[in-house]
2 protein chains.
Amino acid sequence: MNKPFYSSEGDDLLREAGLRITRQRQAIARVLIEAEDHPDAEQVLARAREQDASVSQATAYRTLAALSEKGLIRTHTFDRGVMRFEIGNRPHHDHLIDVDTGEIREFVSAEIEQLQRRVAEELGYEILAHRLEIYCRKSG
Amino acid sequence: MNKPFYSSEGDDLLREAGLRITRQRQAIARVLIEAEDHPDAEQVLARAREQDASVSQATAYRTLAALSEKGLIRTHTFDRGVMRFEIGNRPHHDHLIDVDTGEIREFVSAEIEQLQRRVAEELGYEILAHRLEIYCRKSG
DNA sequence: ATACTTGCAAACCCTTTGCACGTAG
DNA sequence: CTACGTGCAAAGGGTTTGCAAGTAT
């Protein structure tokens, strides 16, 4: 990863959301940008606090909500769990969840997307979004 | 519809789950069997109470949890909402959600299922379950 | 007879919110 | 300067649970 000590990416994210730049939000934004998994609010908060111990739960939730509303992060609710977040400016993908380890792998299938569009079209709808999650176990 | 005044299907469902037959559970089981939508816990409770006013929230949740654990009903959490339930002994299908009306339509696409299997296989997994939800708006 | 079920209400968990203080612009 | 952001702690909404009384088997 080798992140610079200070990255302005987080600031850009916040500005794009029309939010004022504060230390707390900078920490949260950086956590989201650097996350390679799909952290939940609690994890985002814990990681943000490593950078700035003053980040409160309320601010974490409020910032996540604001970014989410502006479409700058995506939210997921895998299985029947808590909300999980990921940065939004990434190519679309679906998720494959290893039920044993909890590991989440991302994938895309142009064919599947294509077929979804056809299904929706046949029923007279246009797709706004979709969610495909495959729950798996390592085979063999 | 034209349901008989008393149907034993519900009892079968309960027996299959290894649960004792009680009036409350019979009401809940019947609600699930007769449901043509995807009711949430609150709706299941309300409908069950039409048959037996003594059904409590606790019993509704406990029965739903028990049936769910035994795989006799399926649970969904469309979008970021409450848990919704549907009877489990029905052919597999995915869901298309009309974001304007909240209407939920079911569909199956053998091709999509096929492609999912291929994706999982390529990553070295076998599919245990999957969930595909398409959020749509009526077109035209 | 006894292990399982019940309703009630309190507890729980995650998330949201009201408030008085703080601060970015 | 002022509108916006903050932490705290309390409130919310959906779901779960401890308990004493009730009931299926």
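Only heavy atoms go into these numbers, but all of them, side chains included; no hydrogens, no water, no symmetry mates. Every chain is numbered from 1, with letters handed out A, B, ... down the list of sequences. All figures in this text were calculated on a predicted structure; none of them were measured in a lab.
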Should R90(A) and E106(A) be marked as a salt bridge (Lys or Arg N to Asp or Glu O under 4.0 Å) after you check the CA-CA gap, both sets of side-chain angles, and the distance that decides it? CA-CA 11 Å; R90(A) 304 181 47 214; E106(A) 305 177 348; 2.7 Å; yes
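Taking atom CD on E69(A) and atom C1' on dT15(C), their separation rounds to 14 Å, with Å as the unit. If you take CD of Q24(A) and C1' of dA24(C), they are 11 Å apart, rounded to a whole angstrom. If you measure from atom CG of D40(B) to atom P of dG13(D), you get 15 Å, rounded to the nearest angstrom. Whole-Å rounding puts the Q43(A) CD to dT15(C) P distance at 11 Å. Counting to the nearest Å, the C1' atom of dT15(D) and the CG atom of L67(B) are 16 Å from each other. The distance from atom CE of M83(B) to atom P of dG13(D) is 18 Å, rounded to the nearest whole Å. Counting to the nearest Å, the C1' atom of dG14(D) and the CD atom of E42(B) are 9 Å from each other. Q26(A) has its CD atom 14 Å from the C1' atom of dT6(D), to the nearest Å.
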Name the pairs: protein N/O against N/O of nucleotides 17-19 of chain D, kept only if under 3.5 Å.
residue : atom : partner : partner atom : Å
dG18(D) : O6   : R62(B)  : NH1          : 3.3

Pairs: protein N or O with nucleotides 22-25 of chain D N or O, under 3.5 Å:
residue : atom : partner : partner atom : Å
dA24(D) : N3   : R20(B)  : NH1          : 3.2
dT25(D) : OP1  : I21(B)  : N            : 3.2

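Take the nearest nucleotide of DNA chain C for R49(B) and for G18(B): the residue whose nucleotide is more 5' is G18(B).
Using a 4.5 Å heavy-atom threshold, the side chains of R15(A) and I21(A) count as touching. You'll find the side chain of Q51(A) stays beyond 4.5 Å of the side chain of Q26(A), heavy atoms only. Proximity of K70(A) to L19(A): side-chain heavy atoms (C-beta onward) are nowhere separated by under 4.5 Å.
Looking only at distances, no side-chain donor or acceptor of E16(A) sits under 3.5 Å from a matching main-chain atom of L13(A). Looking only at distances, no side-chain donor or acceptor of R131(A) sits under 3.5 Å from a matching main-chain atom of E133(B). Between the side chain of R74(B) and the main chain of G88(B), a donor-acceptor pair closer than 3.5 Å is present. Checking side-chain atoms of R25(B) against main-chain N and O of R20(B) turns up a donor-acceptor pair under 3.5 Å.
Among the heavy atoms of the strands, none lies under 4.0 Å from A65(A).
One finds a side-chain N or O of R25(A) lying less than 4.0 angstrom from the OP1 or OP2 phosphate oxygen of dT6(D).
In this structure, L115(B) is a member of the same hydrophobic cluster as V119(A), with clusters built from ILVMFWY side-chain heavy atoms closer than 4.5 Å.
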